[in-house]
Amino acid sequence: MLYALSLLAGIGFLTLGGEALIRGAVAGARRAGVSPLLTGLVVVGFGTSAPELVVSIDAAINQQPDIAVGNIVGSNIGNILLILGLCAIICPMTVQPQALRRDGVVMVAASLLFIGLAWGGALGRLDAGLFIAGLVGYLVWAYLSERQQTIPAAEMHTSEADEMTKLPKTGLTIIVALVLGLGLLIGGSQLLLYGAIGLAQAMGISEAVIGLTIVAVGTSLPEMAVSIIAALRRHADVAVGNILGSNIFNILGILGVSAFLQPLPIAARVGAFDQWVMLGAAGILMLFLYTGMRLSRVEGAFLLAGYIVYLALSFSVINAT
């Protein structure tokens with residue numbers, strides 16, 4: 001019971017902390033005169049991935065690589081199958097071809113890069129450098145391509161920043177939001193890891209499974225909140241763009257930083273099963289989007305059903321270390 005309560009409290013703190021950090025960062029960016037385009041592309045993109053970042057770094061530093069890697073791989077699977085599945089059921093989602101050709105292709109390329117670098121059984125500092133260089137290259141490419149012309153992708157990233165309402169107004173409240181958000185993220189990550197590891201040991205479940213499922217869903221709640229709100233407001237491009245961007249940040253940014261701080265061994269089940277599910281989910285999403293430039297309710301239900309099957313397999317047949 002103590003482990004379960006710690007896990008739930010950690011998820012709650014991470015959710016609140018991520019929300020406070022995003023709102024404080026967006027308000028600070030606006031106050032500093034940063035363009036809505038850059039705010040949506042970088043600030044919101046990094047902000048929604050802040051829980052994954054803090055948890056994976058914490059796990060890596062504390063010699064818990066299965067949770068550090070599982071959190072990212074599981075988040076990317078959940079972002080597509082769970083979050084976009086739910087959003088498409090709420091509102092069929094269209095996507096602009098310009099955003100799809102760049103962000104969708106980069107997401108698949110990042111997944112393939114992870115599989116290639118993880119082939120040797122671990123991610124080291126050289127691999128981390130490649131991830132981070134890839135992220136910098138993507139951000140520069142995205143900003144320059146969107147700044148030079150008015151394209152739907154630019155409008156999408158601008159809309160991501162505009163989705164943030166009720167922001168802190170003064171310099172003091174912005175600082176309070178940033179400090180509070182960071183504190184909640186750090187405290188929440190500690191509680192989440194304590195509860196997750198204790199629960200895994202008590203139930204005889206591997207840390208990899210806990211990281212790939214419970215921890216991954218818990219740290220993905222900011223992405224879920226932003227995407228569902230966008231779907232309810234009929235801003236489908238924001239929801240799809242948020243998930244594509246988040247998956248890119250997760251692999252290139254978070255795994256890059258985590259592996260740089262501490263080399264990360266890859267769990268056997270991740271190499272044999274989960275990384276292929278991650279790549280398969282990305283491929284299916286691209287197929288659905290390319291065939292009609294939209295994600296229908298039926299396709300959303302298919303994605304959601306796929307996530308249920310993935311969870312069932314994770315906790316039964318493929319509960320391996």
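Since we're looking at a predicted model, the values are computed, not measured.
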Look at the side chain of [X] and the backbone N and O of [Y], then say whether any donor-acceptor pair between them is shorter than 3.5 Å.
| X | Y | answer |
| --- | --- | --- |
| D58 | V54 | no |
| T219 | E52 | no |
| W276 | V270 | no |
| S258 | I254 | yes |
| S189 | I186 | yes |
| Q262 | A259 | no |
| D127 | G124 | yes |

Show the nearest heavy-atom pair for residues [X] and [Y], with the distance to one decimal.
| X | Y | result |
| --- | --- | --- |
| A196 | V215 | CB-CG2, 3.7 Å |
| A216 | G70 | CB-O, 4.4 Å |
| A20 | G181 | CB-CA, 3.8 Å |
| C91 | R297 | CA-NH2, 4.3 Å |
| A281 | I80 | O-CG2, 3.7 Å |
| G85 | L303 | CA-CB, 4.1 Å |

Do [X] and [Y] belong together in a cluster built from hydrophobic side chains that touch within less than 4.5 Å?
| X | Y | result |
| --- | --- | --- |
| L304 | L311 | yes |
| M278 | V105 | yes |
| L178 | L182 | no |
| L53 | L180 | no |
| L191 | Y3 | no |

Just how far is it from atom [atom1] of [X] to atom [atom2] of [Y], taken to the nearest 0.5 Å?
| X | Y | atom1 | atom2 | value |
| --- | --- | --- | --- | --- |
| L264 | Q63 | CG | CD | 9.5 Å |
| L279 | I77 | CG | CD1 | 10.5 Å |
| I248 | D103 | CD1 | CG | 5.0 Å |
| M107 | L112 | CE | CG | 10.5 Å |
| E299 | I89 | CD | CD1 | 11.5 Å |
| L2 | L5 | CG | CG | 7.0 Å |

*Between Y310 and F273, how do the two ring planes meet: parallel, tilted or perpendicular, split at 30° and 60°?*
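Geometry flag for F273 against Y310: parallel rings.
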_Derivation of the side-chain contact (heavy atoms from CB on, under 4.5 Å) call for I11 and L192_ = CA-CA 6 Å; I11 291 173; L192 181 68; 3.6 Å; yes
Do [X] and [Y] make a side-chain contact, defined as non-hydrogen atoms from C-beta onward lying under 4.5 Å apart?
| X | Y | result |
| --- | --- | --- |
| L113 | I251 | no |
| L212 | R269 | yes |
| L84 | Y307 | no |
| F114 | I72 | no |
| L289 | L285 | yes |
| L8 | F13 | no |
| L82 | M224 | yes |
| P51 | L185 | yes |

*asked:* Can you confirm whether F260 is buried at CZ, in the sense that more than 12 heavy atoms of other residues, nucleotides or ligands lie under 6.0 Å from that atom?
replied: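 No, CZ of F260 has 12 or fewer neighbouring heavy atoms, counting only those of other groups under 6.0 Å.
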*Determine, stepwise, if the pair S206 / D66 fulfils side-chain hydrogen bond (donor to acceptor under 3.5 Å, both in side chains).*
CA-CA 9 Å; S206 71; D66 287 354; over 6 Å; no
*For side-chain contact (heavy atoms from CB on, under 4.5 Å), just list the numbers for L123 and I266, CA-CA rounded to whole Å, side-chain angles, deciding distance to a tenth of an Å, and then say yes or no.*
CA-CA 7 Å; L123 296 174; I266 305 298; 4.0 Å; yes
*For S75 and N250, run side-chain hydrogen bond (donor to acceptor under 3.5 Å, both in side chains): C-alpha distance rounded to whole Å, both residues' side-chain angles, the deciding distance at 0.1 Å, then the answer.*
CA-CA 8 Å; S75 289; N250 284 348; 4.8 Å; no
*Which is it for L135 and F131 under the side-chain contact (heavy atoms from CB on, under 4.5 Å) test, yes or no, and what are the steps along the way?*
CA-CA 6 Å; L135 178 62; F131 282 139; over 6 Å; no
*CA sep, side-chain torsions, deciding dist, call: I210, I197, side-chain contact (heavy atoms from CB on, under 4.5 Å)*: CA-CA 8 Å; I210 291 293; I197 294 168; over 6 Å; no
